[in-house]
Each structure stands twice: as C-alpha cells, then as structure tokens.
Amino acid sequence: MIQDQPDGKRAAGSRQASAIVDAPRGSGRRVRGAVVDFLGERIVTGAIAVGETLPGEIQTADRLDISRGTYREAVKMLAAKGLVESRTKTGTRVLERARWNLLDPDILRWAFAGKPDAQLVSDLFEMRIIVEPAIARLAALRRDEDQLAEMQHALATMAQNGLETEAGRNADLEFHEAMLNASSNEIMKTLGASIGAAVAYTTLFKQRAAGFPRDPVPDHERVLKAIEASDPSAAENAMGELLRLAQSDTQEALAEYAARD
C-alpha cells in the first residue's frame, strides 16, 4: 500500500508538491494503478493543491522505486482525466478544478475516499436530479419485459440484502443500470459509468459516516411500480423524490462526518 513518508520542508518559494511514497513492487500495471490512485486521491482531496507542481520524473521514479516509463504512464492517465498538465520546462502541474473530468468514476472514487467536498456533493445531486428523472420517464415509455424483469430482480435482491452489504449495493447499481438501458437512449447510456459511480460512492460514504437513517427500498419500489405501469409522469416524479431524499441523507452524513473533526 502506498504511504506518505517524511520529506522535510518544502523549498522556500517552491510550489512543488511533496509526494514521496513507498510504492509496492509487482507488475507494471499494478504499480502504475497504485501510483495513479495515490496521486489522484491526493490531488482531488486537496493534499496536492491546484497550481502545485509534482516532483520531477527522475526524482519521483527513484523515490517510488518504479521505472520512469511507469511514472510517465501514470501521469498520462491523470492528464487524460484533466487533473494535470505536463510541460517540458515547467513540469507536471495540477490544473484548476474547472478542467477536471468530475464525472470520471475514478475522480468520484477519490473524492469520496475521505470527506467529500460539500459543493461537489451538491453539484452531483443537482445533475442527477436533472438527468435521472428524465431517464425514468423514458424507461416507463420504452422498457421491455426483459428490462423490467432485471429491475424487479435487482430490487428484490436489494431488499433482501440491504445496502449495508456488497450484494445489496451491487443490486442498487443493477437497478439503475437496467433503468438506464430501458431508456433506449444511446447518449444517456454514456452516463452509465458516472451515474453508477455516483450511486456507489455516495452510498458507501453514507454507510461509513452515519449509516442509513431510513430504508431506501420503498423509494425504489415507487419508481419501479411507475415503470411497470408505463406511467412516465409518475416514474419521473418518483425518481426525483428518491434523489431528493438521497441528497438529504448524504447531507446528514456530511454533517455527521464533520462533527467528528
């Protein structure tokens, strides 16, 4: 597991991030993924601030005990997510948040690794409240029997296991995925990974921070019943209410988390 190591003081006037770690040995892919996770999480949570420059390639590769090629590939992966930019003379700099791909599943995972930014949580739910009720509406109009059966099975599994279990959380994801597929909108489907990540990491955060104040299964049942009845307005309204309640639960979890500090 990658861990912080003592690094002494930052040079006077420097904006270079301190990122000395003890990297795991193993396959290039595993090590590269560990480096991406470590640096990505530090950037997204603010441990490495916007505008700071990562240590140089040679210096960092030596400190991480990895090849320079592995480090370059990790930086490319972070750059593809909009987190950093590499330039020949200035090095690798953390970009402003407006450049980040905030719907990237990895970025969402890193954001919820500790206490997520309250504004990010608010913006995320605001986006979901705009998009997902429309998806539910389309699903009520376009779903077929197989898709309906998938949603029914997912909800039954979720109810049986609860969101406290991995099986229950996976069923929650399957419910949302089946509903998205039932919308039969190819553009909407491209949001699947982002919506799935938002569902997964907000749920895990709530469980970690404060547990679940209420059972979310009835909220999902109302959405499902409206889709079963091919009632687009009811499906849209039920999905909107589900998300508003989920947002309220997450805000309570944020407050509970903050109270521990």
Side-chain angles (χ1 to χ4, degrees), residues 2-5 7-23 28-64 66-128 130-131 187 190-198 200-202 204-205 250 254:
I2 295 182
Q3 299 176 333
D4 282 312
Q5 298 293 328
D7 189 30
K9 295 182 179 179
R10 187 176 299 173
S14 172
R15 293 286 293 165
Q16 186 179 79
S18 172
I20 297 180
V21 297
D22 180 16
R29 179 177 297 178
R30 183 173 70 86
V31 173
R32 181 174 63 248
V35 174
V36 170
D37 274 345
F38 175 78
L39 293 177
E41 184 176 319
R42 284 175 63 84
I43 290 168
V44 172
T45 58
I48 302 176
V50 168
E52 286 192 324
T53 302
L54 301 184
E57 177 184 303
I58 298 175
Q59 175 189 9
T60 306
D62 288 344
R63 288 175 172 179
L64 301 182
I66 60 174
S67 71
R68 292 169 61 183
T70 295
Y71 177 71
R72 282 196 297 270
E73 288 300 316
V75 168
K76 286 180 181 178
M77 293 173 71
L78 295 174
K81 300 176 188 297
L83 295 179
V84 301
E85 180 180 61
S86 297
R87 294 186 177 179
T88 303
K89 294 184 178 180
T90 59
T92 301
R93 180 178 62 88
V94 177
L95 295 174
E96 58 273 18
R97 285 174 62 93
R99 301 278 296 276
W100 299 1
N101 180 5
L102 290 173
L103 287 179
D104 181 283
D106 285 334
I107 290 182
L108 289 174
R109 173 165 56 86
W110 298 328
F112 282 91
K115 177 188 175 184
D117 178 76
Q119 187 60 52
L120 174 63
V121 173
S122 176
D123 290 348
L124 185 62
F125 272 103
E126 191 171 83
M127 181 277 293
R128 293 184 64 195
I130 291 170
V131 172
I187 304 300
T190 65
L191 296 173
S194 299
I195 290 174
Y201 300 127
T202 53
L204 283 171
F205 172 72
T250 305
L254 281 168

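Keep in mind it's a predicted model, so treat the numbers as computed, not measured. Position 1 is the first residue of the sequence; numbering continues from there.
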For the student: nearest non-hydrogen atoms of Val35 and Ala74, plus distance: CG1-CB, 3.9 Å
With Leu83 as partner, the option from Thr92, Val36, Leu39, Val44 fulfilling side-chain contact (heavy atoms from CB on, under 4.5 Å) is Val44
Find the distance between CZ (Arg32) and OG (Ser67) and round it off to the nearest 0.5 Å. 9.0 Å
Closest contact, heavy atoms only, Trp100 versus Val50: CZ2-CG2, 4.1 Å
Minimum heavy-atom separation for Ala198 and Leu108, please, with both atom names. N-CD1, 4.0 Å
Could you measure the distance from the CZ atom of Phe38 to the CD1 atom of Ile48? Nearest 0.5 Å is fine. 6.5 Å
CA sep, side-chain torsions, deciding dist, call: Met127, Leu124, side chain to side chain contact (heavy atoms under 4.5 Å, CB included): CA-CA 5 Å; Met127 181 277 293; Leu124 185 62; 4.1 Å; yes
I'd like to check the side chain to side chain contact (heavy atoms under 4.5 Å, CB included) partners of Glu57; sequence neighbours left out, ordered by chain and number. Arg68, Tyr71, Arg72
Distance col, row Glu96:CD vs Arg99:CZ, nearest 0.5 angstrom, shows 5.5 Å
In chain order, what residues pass the side chain to side chain contact (heavy atoms under 4.5 Å, CB included) check against Asp104, with sequence neighbours excluded? Lys81, Asn101, Asp106, Ile107
Kindly indicate whether the side chain of Arg93, heavy atoms from C-beta on, has any atom under 4.5 Å from the side chain of Leu95. yes
Quick check for you: to the nearest 0.5 Å, what is the distance between Leu54 atom CG and Ile43 atom CD1? 5.5 Å
How close do Phe205 and Phe112 get, heavy atom to heavy atom, and via which atoms? CB-CD2, 3.8 Å
So, for Glu52 and Ala47, which heavy atoms are closest and what is the spacing to 0.1 Å? OE1-O, 4.3 Å
Restricting to non-hydrogen atoms, name the atom on Thr90 and the atom on Thr53 that form the minimum distance, rounded to 0.1 Å. O-CG2, 3.6 Å
